[in-house]
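Note on naming: letters A, B, ... go to the chains in the order of the sequence lines (proteins, then strands), and numbering restarts at 1 for each one. Bear in mind that the values here come from a model prediction, so they are computed numbers and not experimental data. Side-chain atoms are counted along with the backbone in the values below, which use heavy atoms only and exclude waters and symmetry mates.
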Amino acid sequence: MTSPPPPDPEPFRAEVREWCRTHVPTGWRDAQTGVSDEEFVSFQKQWFGELREAGYAVPHWPLAWGGGLSVGEQIVLYQELAAHDAPRLVLAFVAIHHAASTLLAAGTDEQRARHLPAILDGEIWVQGFSEPDAGSDLASLRTAARREGDAYVVNGQKLWASGAKYAGWCLLLARTDPGAPKRHGISYFLLDMRSQGVEVRPIRQATGESHFSEIFLNDVEIPATHLIGPENGGWQVAQATLSAERGMTMLELAERLGHAGFTWLLDACRRPNAEGLRPIDDSLVLDRLAGFETEIAGLRAMCRSLAVRHETGHVGPADASVVKLYYSELLQRMTNFGADVAGLAGSTRIIKPMSSGWESGAWVLDFIGSWEWTIPGGTSEIQRTIIAERALQMPRA
Amino acid sequence: MNIDLSPEALEYGGLVKRALESAGGDGLLRTFESEPERRDGVISPVLGELGAWDLDPRGSGDELEAAAALCRAVGYWAVAYPVAERLCRSATLESDGLVVVADVAPAAAIGGSDLRWAAVTLDGRRSLVTACPLVESPRTSAFVARLMLEPLDDDGADDVVLGVLLPCWTLLGMLDRALDLVRAYVLERQQFGQPLAAFQGVQFQLTDAEVERAGLEELAKYALWSVESAQPASLRDALAVRVAAIEAADTVFRVAHQLHGAIGFCDETTLSWISRYSGPLRRLPFGLSETLHQLSNRTRRDGLPGVFSGGQGQ
Ligand SMILES: Cc1cc2nc3c(=O)[nH]c(=O)nc-3n(C[C@H](O)[C@H](O)[C@H](O)COP(=O)(O)OP(=O)(O)OC[C@H]3O[C@@H](n4cnc5c(N)ncnc54)[C@H](O)[C@@H]3O)c2cc1C
């Protein structure tokens with residue numbers, strides 16, 4: 001018995017194209033260069049609103065909650081958005097991916113009903129997992145939550161929380177049983193960032209931006225109804241969030257890399273210099289480009305197949321790690337090459353528009369930014385460990 | 001063929017390193033980024049006292065080696081002051097320093113300098129330079145300024161080799177430092193109940209970086225010998241060093257950042273500063289592809305003798 005053929009996405013492509021033509025704001029790159037936090041946030045919220053109106057903001061969510069596009073349609077959507085150089089949903093990223101997948105996987109009906117529509121209305125989320133001494137060894141986290149009546153009282157410090165300064169809600173891991181083995185004493189909470197005792201301090205980065213923050217938690221009360229999953233069962237819930245970060249988010253990023261990043265790289269290589277010479281006519285350059293094209297084709301195929309397996313519940317224990325590792329290292333090499341061929345223009349103008357992707361065409365900055373990719377959501381070394389132990393069944397080191 | 005630096009040159013490099021440390025060490029770059037106009041007033045006298053500005057690297061092998069050791073020490077502290085570029089000033093031009101530029105859109109990390117600068121292309125075309133004022137803060141520009149050139153002559157063949165080579169010694173110093181920093185970091189930072197350095201996966205990355213750095217060091221010494229002994233292939237040797245330097249920098253900084261984890265992107269770590277200011281040295285006058293292109297064109301034409309051929313080109 002064969003399954004029916006997937007619906008032809010071409011009419012859908014025409015629809016998205018038409019929508020992009022009329023909705024992607026022209027000149028947003030210039031308008032988003034060097035803007036204040038407020039302008040960035042308001043632009044992101046407005047763009048999110050437009051996508052939501054069209055049904056394009058959360059295509060990967062179940063139909064009942066406002067999504068429901070097939071994997072094939074999602075790919076078409078991401079391709080067209082990238083090809084039309086649409087802004088990315090940077091601000092809503094954690095909300096629509098990590099928060100949503102956590103709520104869908106482990107939330108109660110009330111929790112879903114409270115937050116999923118709110119996310120569609122623009123609720124911003126941050127992930128509060130890492131701590132100063134708990135990076136790769138996340139399970140050693142020390143932020144403590146003590147049950148007192150109907151609430152938990154939380155004390156501790158979170159680090160590297162991306163976008164915390166904009167967030168209304170936080171996905172929080174805290175230790176509820178200090179006596180249990182490391183992974184068995186952790187619980188997962190939904191924390192309202194406006195609660196008393198929450199303090200956010202932005203961290204300044206090498207690029208001059210403050211992409212992430214420290215979060216200090218001082219006797220913060222979290223209602224017990226905001227525990228997600230069982231008490232002391234937070235580690236398992238967190239795996240769902242992390243695998244969303246490693247896996248499903250890649251579908252969009254891979255199409256971006258293919259339909260925006262690579263196109264710009266080609267443009268840069270086709271641009272004649274003052275002497276009329278084009279980098280693309282150099283065989284060294286051509287070799288590299290061909291190599292990237294091949295790798296991107298591989299990446300896109302892997303992401304598609306991962307998304308399909310995700311839908312059918314057949315994801316292998318290390319599949320998402322393979323994709324994340326592949327993407328992040330490819331992005332690094334590609335942006336490095338971009339910085340190389342962009343030459344001087346890439347060296348004196350070191351500023352990139354907000355709301356752009358990991359490949360913005362400001363190659364030098366993109367390259368610096370790409371280094372960050374091999375670290376969050378489990379570093380490349382941790383991904384390799386997962387692949388070795390869970391896919392290849394190697395002994396644990 | 002002895003390519004090792006003389007003991008005197010090594011000692012001199014050590015002196016410079018200590019003098020810069022006393023003058024502020026890592027704090028120098030931090031000061032200069034926020035107060036760029038202080039660079040000359042701080043660095044010129046410190047190095048002047050050590051005779052840096054009297055060195056004539058084109059004059060004798062000893063002085064050339066001292067100049068290389070000096071650049072390396074300056075790179076170690078990443079002081080973002082054009083020392084190599086001052087040292088390789090032309091013997092036949094009225095200027096305080098020399099930068100190698102690409103044929104198009106010339107630029108160099110000499111923004112905000114009051115000195116008189118000259119420029120030379122790989123083909124030996126020389127010009128006088130006016131640096132455009134820095135439009136962006138050093139934080140984002142790393143002192144890279146566009147240059148306006150007033151053409152002079154085509155006699156720069158003798159100037160260009162050192163112009164390519166000495167900045168590679170500065171970059172080598174930065175790689176020395178990046179490795180020192182990451183080594184210290186992985187010995188100290190603990191995860192999973194042990195120092196990161198105890199994981200073999202961490203050790204292997206560090207060793208890969210060290211192998212790159214050590215390879216660059218040997219090649220840089222070889223090219224110095226090539227210049228000292230006036231080998232016909234010295235420009236190609238210098239370009240080969242530049243290729244190795246860019247590749248080594250890619251590996252060393254990638255590993256150093258990766259092993260620092262998230263903290264490596266924050267200005268609390270010296271690595272963040274060093275890698276930011278290594279940018280101009282790696283990208284200007286041109287990056288890896290163009291350097292390879294230039295090298296392969298010249299090699300196709302003239303061959304590349306290399307370390308083990310007794311030093312004779314074809
Ligand atoms: C851009 C960015 C955004 C981030 N956003 C968030 C966020 O929103 N929320 C959040 O909670 N966290 C966030 N993080 C933090 C991220 O999850 C951590 O940085 C990551 O888990 C690594 O921890 P660490 O930085 O402490 O590095 P460490 O764990 O100290 O690791 C340092 C180096 O040692 C290696 N290493 C560690 N253990 C081993 C081992 N056993 N074998 C081999 N190598 C090993 C690592 O791979 C790494 O290269 C973000 C980080 C970055 C860079």
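Take B/Ser278 and apply the side-chain hydrogen bond (donor to acceptor under 3.5 Å, both in side chains) test, not counting sequence neighbours, and it matches B/Arg282.
Counting only heavy atoms from C-beta outward, the side chains of B/Ser289 and A/Asp340 approach each other to under 4.5 Å. Within the 4.5 Å cutoff, side-chain heavy atoms of B/Ser275 are placed close to those of A/Trp371. In this structure, the side chains of B/Leu288 and A/Phe337 stay at 4.5 Å or more apart for every pair of heavy atoms.
Summarising the geometry of B/Arg283 relative to A/Ala339, their closest heavy-atom pair is CZ-CB, 3.5 Å, with the distance given to 0.1 Å. Closest of all the heavy-atom pairs between A/Asp133 and B/Gln191 is O-NE2, 2.8 Å. Of all heavy-atom pairs spanning A/Asp137 and B/Gly193, the tightest one is OD2-N, 4.4 Å.
Only the side chain of B/Gln205 has a heavy atom closer than 4.5 Å to any heavy atom of chain A. Contact of A/Ser136 with chain B is made through backbone and side chain together, with heavy-atom distances under 4.5 Å. Heavy atoms of A/Ala134 lying under 4.5 Å from chain B belong exclusively to its backbone. No part of B/Phe286 comes within reach of chain A, as not one of its non-hydrogen atoms sits under 4.5 angstrom from that chain. Both the backbone and the side chain of A/Ser380 have a heavy atom closer than 4.5 Å to some heavy atom of chain B.
Around CZ of B/Arg183, the count of heavy atoms belonging to other residues, nucleotides or ligands within 6.0 Å does not exceed 12. Within 6.0 Å of the CZ atom in A/Arg142, the count of heavy atoms belonging to other residues, nucleotides or ligands does not exceed 12. Within 6.0 Å of CD in B/Glu37 there are more than 12 heavy atoms belonging to other residues, nucleotides or ligands. Within 6.0 Å of atom CD in B/Glu35, more than 12 heavy atoms from other residues, nucleotides or ligands are found, so the atom counts as buried in its surroundings.
With values rounded to the nearest 0.5 angstrom, B/Phe265 atom CZ is found 4.0 Å from A/Ile375 atom CD1. Taken to the nearest 0.5 Å, the CZ atom of B/Phe192 stands 7.0 Å off from the NZ atom of A/Lys182. The CG atom of A/Asn336 sits 4.5 Å away from atom CG of B/Asp250, with the distance rounded to the nearest 0.5 Å.
Residues of residues 252-263 of chain B lying under 4.5 angstrom from chain A, judged on non-hydrogen atoms, are B/Phe253, B/Arg254, B/His257, B/Gln258, B/Gly261, B/Ala262, B/Ile263 by number.
Taking chain B as the reference chain and counting heavy-atom pairs below 4.5 Å, the highest number among A/Ser283, A/Pro279, A/Ala139, A/Gly135 is found for A/Gly135.
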